[in-house]
Amino acid sequence: MGEVTVQQRLPLSDGKSIPILGLGTCSMEKPVKGETIKAVKAAIEIGYRHLDGAFLYGNEDEVGEAIRAKIADGTVKREDVFYTSKLWMTYLSPALVRKGLETTLKNLKLDYVDLYVVHWPMGLKPSEKDLFPEDANGKILLDDVDICATWAIMESCKDAGLVRSIGVSNFNHNQLEMILKMPNLKYKPVCNQVECHPYLNQNKMLKYCNSKNIVVVCYSPLGTSKDPKWFDPENPIVLNDLELKKIGEKHNKSPAQIALRYQVQRGVVVIPKSFNLGRMKQNREIFDFQLTDEEMKAVDGINRNFRYITMKQFTDHPKYPFHDEY
Ligand code: NDP
């Protein structure tokens, strides 16, 4: 398998492009110090050119250190690496958007990020200190920010050269529509990054985004981490699905590889997280086979609209995205 396929890209509406396979860097298990550096360096060495991160994940300093090390040793140039970061919920008010991005750049020690996305459409009380600011009774403090006002500052960050492309994450189609209908819209979101895997195939969102030339980036493509600290034992496990196993056996591939191939074959960007070299390698070995139309339909058929990342604690938020069907 050549690097050409691993580094296959999809065009973005602003004239740039995004590698279809990226490495997720969010470790639910809270990585031990140095673990992210090691994983990101290894990923770049084996051909990954797209890294998905966020201020929230608390390890952008290590991601940045790894990228800079791989540039310094000549493995890649800065322009070969596509790094995505995300504006956290406490930074949605227009006065804080640029601050949020600058904090990320400072942590990374990079001059720009390739893609900056609004992490969630829901604002929390502005704070540079707390990720989830609370009142004296421990109640999380919500903030109903106008997402169009947030978006206007995202556009100015692109104009300032701090970010190459701008997009959103976890927006429902009505929230996307609000941005697209902004009277002074300068740049439309290049992507919507959403949870997507065979148990939540997001067919309606994908159809909507395709019609607007917005790329879907699919997070938790393997059905998230199964860390018992947060994974409900009652949840179904995507990678144990018998249909994925059966199709995998035909192609001599794992259920994970089938779940990833399904997405890239329908034009969706995937960002599986692994900090394990063997699994990182496995997840990139999805370009040397093809699923038949019947197999694609069979994977579609196991959809159960099951969401792992529900953000249940925010169902009362006026901008909670998952009350709408898509
Ligand atoms: P994934 O669906 O990518 O699953 C990751 C888990 O699967 C890890 O526990 C990993 O363990 C394991 N794994 C990886 N490869 C394999 C394999 N081949 N076979 C079996 N197990 C495997 O979950 P995430 O929720 O981490 O999503 C991926 C990325 O998406 C995140 O890291 C983050 O960058 C992004 N994300 C964005 C969100 C948003 O709101 N925009 C929300 C959630 C995630 P190990 O490391 O040990 O291999």
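Sequence positions, counted from 1, serve as the residue numbers for this chain. When a ligand or atom number is given, it counts from 1 through the structure's own listing order.
The cationic atom of K38 (NZ for Lys, CZ for Arg) does not lie both less than 6.0 Å from the six-membered ring centre of F275 and within 45° of the ring axis. Taking the ring centre of F231 as origin, the terminal cationic atom of K229 falls outside the region bounded by 6.0 Å and 45° from the ring axis.
Within ligand 1, the atoms closer than 4.0 Å to a non-hydrogen atom of F275 are 46 (O), numbered from 1 in the order shown. Listed by atom number, the atoms of ligand 1 under 4.0 Å from Q282 heavy atoms are 17 (C), 18 (N). Atom numbering of ligand 1 starts at 1 in the shown order; those under 4.0 Å from a heavy atom of P272 are 3 (O). Listed by number with element, the atoms of ligand 1 under 4.0 Å from a non-hydrogen atom of Q193 are 35 (C), 36 (N), 37 (C), 38 (C), 39 (C), 41 (N). Of all atoms in ligand 1, numbered sequentially from 1 with element shown, those under 4.0 Å from a heavy atom of I271 are 28 (C), 29 (C), 30 (O), 35 (C). Near P221, with a cut-off below 4.0 Å to any heavy atom, the atoms of ligand 1 are 2 (O), 3 (O). Against a heavy-atom cut-off of under 4.0 Å, D52 is close to the following atoms of ligand 1: 33 (C), 34 (O), 35 (C). Close contacts of ligand 1 with S225, meaning ligand atoms under 4.0 Å from a residue heavy atom, involve 6 (C), 9 (O).
A donor-acceptor pair shorter than 3.5 Å cannot be found between the side chains of Q263 and H197. Residues N203 and Y326 have side chains that never bring a donor and an acceptor to within less than 3.5 angstrom of each other. Defined by atom type and a distance below 3.5 Å, a donor-acceptor pair is present between the side-chain atoms of Y57 and K86.
The salt bridge (Lys or Arg N to Asp or Glu O under 4.0 Å) test applied to K204 returns E325, not counting sequence neighbours. Applying the ring-ring contact (aromatic ring centres under 6.0 Å, His included) criterion to Y199, with sequence neighbours excluded, gives no partner residue.
Two residues are said to be in side-chain contact when any heavy atoms from C-beta on lie closer than 4.5 Å; C218 and V194 fail this criterion. For the pair Y112 and V163, the minimum side-chain heavy-atom distance is 4.5 Å or more.
Which of L222, T224, L23, L277 comes nearest to atom 6 (C) of ligand 1 through a heavy atom is settled by distance: it is T224. Selection from E285, H119, K86, K273 by nearest heavy atom to atom 14 (C) of ligand 1 gives K273.
Here Y91 and F55 bring their ring centres to under 6.0 angstrom of each other.
The shortest N/O to N/O separation between G223 and ligand 1 falls below 3.5 Å. Of the polar atoms of C26, at least one N or O is found under 3.5 Å from an N or O of ligand 1, judged by distance alone.
Contacts between S169 and ligand 1 below 4.0 angstrom, taking non-hydrogen atoms only, involve the side chain exclusively. When non-hydrogen atoms are compared, ligand 1 lies under 4.0 Å from the side chain of A256 (C-beta onward) but not from its backbone. Of all the heavy atoms of L239, the ones lying under 4.0 Å from any atom of ligand 1 belong exclusively to the side chain. With a 4.0 Å heavy-atom cut-off, ligand 1 is reached by no atom of D227. At a heavy-atom distance under 4.0 Å, no atom of S254 approaches ligand 1.
Counting non-hydrogen atoms of neighbouring residues, nucleotides and ligands closer than 6.0 angstrom, the NZ atom of K16 exceeds 12 such neighbours.
Within the structure, the closest approach of Y57 to ligand 1 falls below 4.0 Å when heavy atoms are considered.
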